[in-house]
Amino acid sequence: MINFNGTLLPENNVLSFQNRGYTYGDALFETIKTSYGKILFWEDHYFRLMASMRILRMEIPMNFTMEFLSDEIHKTLEANKFSKSSARVKLMVNRNEGGYYNPDTNDISFIISVKPINEDFYILKTDYYEVDLFKDYFISPGLLSTLKTNNKALNVIGSIYAKENNLHNCILLNTNKHVIEALNGNIFLVNGNVIKTPPILDGCLKGVMRTQLINLINTLPDYDLVEQSISPFEIQKADEMFFTNVIQGIQPVSKYRKKTYTNEVSKMLLQKLNVQIRLS
């Protein structure tokens, strides 16, 4: 069952061929993790969604409060019997049908779908994980590239490239040839006691897990967090590299070309992240 504008419906009974998310990519989405009915980092997800809707000039309904959407997510979890397990929630907001590039309305609809996941908390994945650069296409730095919209053609093509080349993931570059993110998350490099991640201005996604880790690292006296442009040459000099998103948490990278990495900082951060979640 999915939740369409507050009504629970079968999954195959919603999408019109005129849906603007389908026809123009005129939609936003949040990918959210829930654990035993608890919505992780809900406040960050909600405010990112609201900010993104304003940037895309979507009309935000008066009832689109944190409490309203939280209740709708819980209603969908209960309908799918996921309230006592962990789930991946996708909350999609699309502008309503009508018009061409210029829409007839800025009113919106929303869809909430859920899928089960196995891990209740975040687990350090130490399996071999190899990555490389994806250089066929580049992301233009700017405000729109920081949003989670339905325009993900580059990520799809990059994922196919990774599969064809027996890679687990790829690193994306912007048009200035700076490293900005992975195909499915933000990127962090560790060099000594400095942990570096690209700034939002370079065009990386304003990730919710990225925000959690930046806040966490800033509380650690032994490490310095730096938001600064990263060149591809810095990847080979790093002691450690990891990717982040709200579903996986932290994914350590094992190998980039001839370079191999440790995962001690990833392990430490993941432990602290899980403690933070339990206490929140």
Side-chain angles (χ1 to χ4, degrees), residues 2 11 14-33 41 44-46 48-58 87-97 100-101 103 108-115 117 131-165 167-187 197-211 243-249 251 253:
I2 66 167
E11 287 189 11
V14 175
L15 186 65
S16 161
F17 75 95
Q18 293 182 335
N19 181 287
R20 291 188 63 87
Y22 171 72
T23 55
Y24 297 108
D26 192 6
L28 296 159
F29 69 95
E30 290 288 325
T31 305
I32 303 162
K33 181 173 182 175
F41 320 123
D44 287 334
H45 281 293
Y46 175 78
R48 181 173 69 171
L49 178 63
M50 294 301 104
S52 300
M53 291 175 69
R54 290 187 184 98
I55 291 168
L56 292 191
R57 290 179 164 80
M58 291 178 171
R88 177 191 187 114
V89 177
K90 185 171 184 179
L91 167 59
M92 187 172 76
V93 174
N94 62 267
R95 209 181 316 262
N96 286 344
E97 293 180 11
Y100 298 99
Y101 287 146
I108 59 94
S109 293
F110 70 89
I111 298 173
I112 301 171
S113 59
V114 295
K115 289 186 177 180
I117 54 177
V131 306
D132 204 343
L133 297 178
F134 180 61
K135 298 185 291 184
D136 290 0
Y137 303 100
F138 304 97
I139 293 176
S140 177
L143 196 57
L144 289 181
S145 65
T146 70
L147 309 182
K148 292 201 76 169
T149 71
N150 277 25
N151 298 289
K152 292 296 180 183
L154 189 151
N155 302 70
V156 172
I157 298 168
S159 297
I160 295 169
Y161 171 88
K163 184 177 181 180
E164 290 174 345
N165 288 275
L167 299 167
H168 296 91
N169 210 327
C170 281
I171 298 167
L172 303 180
L173 304 173
N174 65 16
T175 50
N176 298 320
K177 306 303 186 293
H178 289 145
V179 169
I180 56 166
E181 61 192 9
L183 289 165
N184 62 344
N186 293 105
I187 183 171
T197 193
I200 295 297
L201 288 176
D202 277 1
C204 68
L205 178 71
K206 193 175 182 181
V208 167
M209 183 55 71
R210 176 185 183 274
T211 300
F243 303 148
T244 65
N245 64 47
V246 293
I247 300 300
Q248 293 179 320
Q251 173 61 62
V253 174

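All residue numbers in this chain count up from 1 along the given sequence. This is a predicted model, so every value here is computed, not measured.
From Lys90, atom NZ reaches atom CD1 of Ile2 across 11.5 Å, with rounding to the nearest 0.5 Å. Annotation: the span from Ile247 atom CD1 to Arg88 atom CZ amounts to 5.0 Å, rounded to 0.5 Å. Between the CE atom of Met58 and the CG atom of Leu49 there is a distance of 9.0 Å, given to the nearest 0.5 Å. We find the CG-OG distance between Asn151 and Ser145 to be 11.5 Å, quoted to the nearest 0.5 Å. To the nearest 0.5 angstrom, Lys206 atom NZ is 14.5 Å from Glu181 atom CD. A distance of 4.5 Å separates CG of Leu172 from CD1 of Ile139, quoted to the nearest 0.5 Å.
Nearest heavy atom pair, residue Met92 against residue Ala27, reads CG-CB, 4.3 Å. When every heavy atom of Met209 is checked against every heavy atom of Gly249, the shortest pair comes out as CG-O, 3.7 Å. Across all their heavy atoms, Gly207 and Arg48 have their closest contact at CA-NH1, 3.5 Å. In terms of heavy atoms, Gly185 sits closest to Asn245 at CA-CB, 4.4 Å.
Counting non-hydrogen atoms of other residues, nucleotides and ligands closer than 6.0 Å to CZ of Phe41 gives a total above 12. Atom NZ of Lys135 is surrounded by 12 or fewer heavy atoms from other residues, nucleotides or ligands within 6.0 Å.
Looking at heavy atoms from C-beta onward, Gln248 lies in side-chain contact with Asn184 at the 4.5 angstrom threshold. Side chains of Tyr46 and Glu30 form no contact here, defined as non-hydrogen atoms less than 4.5 Å apart. With contacts defined as side-chain heavy-atom distances shorter than 4.5 Å, the pair Val89/Thr31 does not qualify. No side-chain heavy atom of Lys148 sits under 4.5 Å from any side-chain heavy atom of Leu28. Using a 4.5 Å cut-off on side-chain heavy atoms (C-beta onward), Leu133 and Leu173 make contact. Under the 4.5 Å side-chain criterion, counting only non-hydrogen atoms from C-beta, Leu91 is not in contact with His45. Taking 4.5 Å as the limit, some side-chain heavy atom of Ile187 sits within range of a side-chain heavy atom of Phe243. Annotation: side chain of Leu147 is in contact with side chain of Leu56 (closest heavy-atom distance under 4.5 Å).
Scored by the side chain to side chain contact (heavy atoms under 4.5 Å, CB included) test, His168 finds Tyr128, Tyr129, Glu130 as partners (sequence neighbours excluded).
Taking the centre of each ring, Phe17 and Tyr22 stay at or above the 6.0 Å mark.
When atom types are taken as modelled, the side chain of Thr146 and the backbone of Cys204 share no donor-acceptor pair closer than 3.5 angstrom. A distance-only check finds no donor-acceptor pair linking the side chain of Asp202 to the backbone of Ile180 [under 3.5 Å]. No donor-acceptor pair closer than 3.5 Å links the side chain of Asn165 to the backbone N or O of Leu167.
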> Which is it for Thr23 and Tyr100 under the side chain to side chain contact (heavy atoms under 4.5 Å, CB included) test, yes or no, and what are the steps along the way?
Replying inline: CA-CA 9 Å; Thr23 55; Tyr100 298 99; over 6 Å; no

> Going through the distances and angles, do Ile32 and Val246 end up as a side chain to side chain contact (heavy atoms under 4.5 Å, CB included)?
Replying inline: CA-CA 7 Å; Ile32 303 162; Val246 293; 5.8 Å; no

> How far apart are the C-alpha atoms of Lys33 and Val208, what are their side-chain angles, what is the distance that settles it, and do they pass the side chain to side chain contact (heavy atoms under 4.5 Å, CB included) test?
Replying inline: CA-CA 11 Å; Lys33 181 173 182 175; Val208 167; over 6 Å; no

Which pairs of donor and acceptor atoms, one on a side chain in residues 152-163, lie under 3.5 Å apart (sequence neighbours left out)?
from, atom 1, to, atom 2, distance (Å)
Asn155, ND2, Leu183, O, 2.8
Ser159, OG, Asn155, O, 2.7

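Here the rule is side chain to side chain donor-acceptor pair (under 3.5 Å) with Arg20, and of Asn94, Asn96, Asn150, Asp26 only Asp26 fits it.
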